[in-house]
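Values reported hereafter were calculated over all heavy atoms of this structure, with side chains retained and with hydrogens, waters and symmetry mates removed.
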Amino acid sequence: MQELTRQNGEGIARSILAMSEMHTCPDPDRFVVSLRDMFNALDPEVIRTRTSEVLQDMIEELRQHQVTLKATVSTVVVTTLVLEGWSRELNPDLHIMDALRDMLAVDWKERLSRAVDKVMATGSLAVV
């Protein structure tokens, strides 16, 4: 997702291939070039405002290049599509990619540290 928020098609393709369940893609280099070109052709505002369409286009590229995703990765993609749809209905000014970019800009250790600090600041460790 981090590469997606950076609009780095080549990085997205390489990450997808690294996380693919089976290496069924007959030409991984062609897949990388395809996603790189797709993102290079996108207006930077398109991924922000039409995230679900961009993800659908990526899924079509996966299909065309016979790339198989692990179930966990597929779940993240579908969940992002659902969140994007709901957010558009509830608040048209909310953009999932902006939220992801802000969240993913910080490394995991710092995000975890912030979460722990937030919990400790409440003075209660009760999980509700």
Side-chain angles (χ1 to χ4, degrees):
M1 285 304 225
Q2 195 169 35
E3 296 296 339
L4 181 61
T5 65
R6 293 177 180 161
Q7 300 179 14
N8 177 0
E10 185 173 340
I12 293 167
R14 293 193 188 288
S15 294
I16 288 171
L17 288 170
M19 291 185 292
S20 66
E21 185 141 327
M22 299 176 285
H23 294 286
T24 56
C25 182
D27 190 350
D29 291 334
R30 190 166 154 238
F31 173 65
V32 170
V33 168
S34 179
L35 276 187
R36 183 194 67 208
D37 291 349
M38 180 182 123
F39 276 86
N40 285 347
L42 283 176
D43 179 330
E45 190 66 10
V46 169
I47 191 169
R48 186 175 164 271
T49 59
R50 297 183 184 166
T51 304
S52 59
E53 292 173 29
V54 173
L55 288 173
Q56 289 170 0
D57 290 345
M58 282 178 47
I59 291 169
E60 179 59 22
E61 289 294 327
L62 291 168
R63 189 191 66 73
Q64 287 181 5
H65 291 277
Q66 301 172 14
V67 177
T68 306
L69 291 179
K70 290 181 182 176
T72 52
V73 177
S74 296
T75 301
V76 170
V77 172
V78 170
T79 301
T80 303
L81 286 168
V82 170
L83 286 173
E84 180 69 19
W86 284 354
S87 70
R88 288 273 169 240
E89 292 296 319
L90 297 172
N91 182 354
D93 296 328
L94 178 65
H95 300 286
I96 294 299
M97 284 295 110
D98 290 344
L100 284 173
R101 184 176 26 256
D102 294 345
M103 184 178 79
L104 295 173
V106 180
D107 76 342
W108 177 248
K109 289 179 185 175
E110 187 167 332
R111 285 195 309 263
L112 184 59
S113 175
R114 287 180 185 175
V116 169
D117 289 346
K118 186 176 180 179
V119 168
M120 297 305 287
T122 65
S124 171
L125 293 178
V127 177
V128 189

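Residues passing the side chain to side chain donor-acceptor pair (under 3.5 Å) test with R50, sequence neighbours excluded: none. The side-chain contact (heavy atoms from CB on, under 4.5 Å) test applied to T72 returns K70, not counting sequence neighbours. With sequence neighbours excluded, no residue forms a salt bridge (charged side-chain N to carboxylate O under 4.0 Å, His left out) with E89. Not a single side chain to side chain donor-acceptor pair (under 3.5 Å) links E53 to another residue, sequence neighbours left out. Residues passing the side chain to side chain donor-acceptor pair (under 3.5 Å) test with S15: none are found, sequence neighbours excluded.
Proximity of L42 to Q7: side-chain heavy atoms (C-beta onward) are nowhere separated by under 4.5 Å.
Residues V82 and V54 are members of separate hydrophobic clusters, defined by side-chain heavy-atom contacts under 4.5 angstrom among Ile, Leu, Val, Met, Phe, Trp and Tyr. Taken together through direct or relayed side-chain contacts under 4.5 Å among Ile, Leu, Val, Met, Phe, Trp and Tyr, I16 and V78 form parts of separate hydrophobic clusters.
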Show me the donor-acceptor pairs within less than 3.5 Å that the side chains of residues 32-39 make with the rest of the protein, sequence neighbours left out.
{"from": "S34", "atom 1": "OG", "to": "E61", "atom 2": "OE1", "distance (Å)": "2.4"}

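A donor and an acceptor atom, one from each side chain of Q56 and E60, are nowhere located under 3.5 Å apart.
Atoms CG and CG, from N8 and N40 in turn, are 8.5 Å apart once rounded to the nearest 0.5 Å. Residue L69 holds its CG atom at 9.5 Å from CG of L17, rounded to the nearest 0.5 Å.
Heavy atoms only, all atoms of each residue included: F31 and C25 are closest at CB-SG, 4.0 Å. Nearest heavy atom pair, residue P26 against residue H65, reads CD-O, 3.4 Å.
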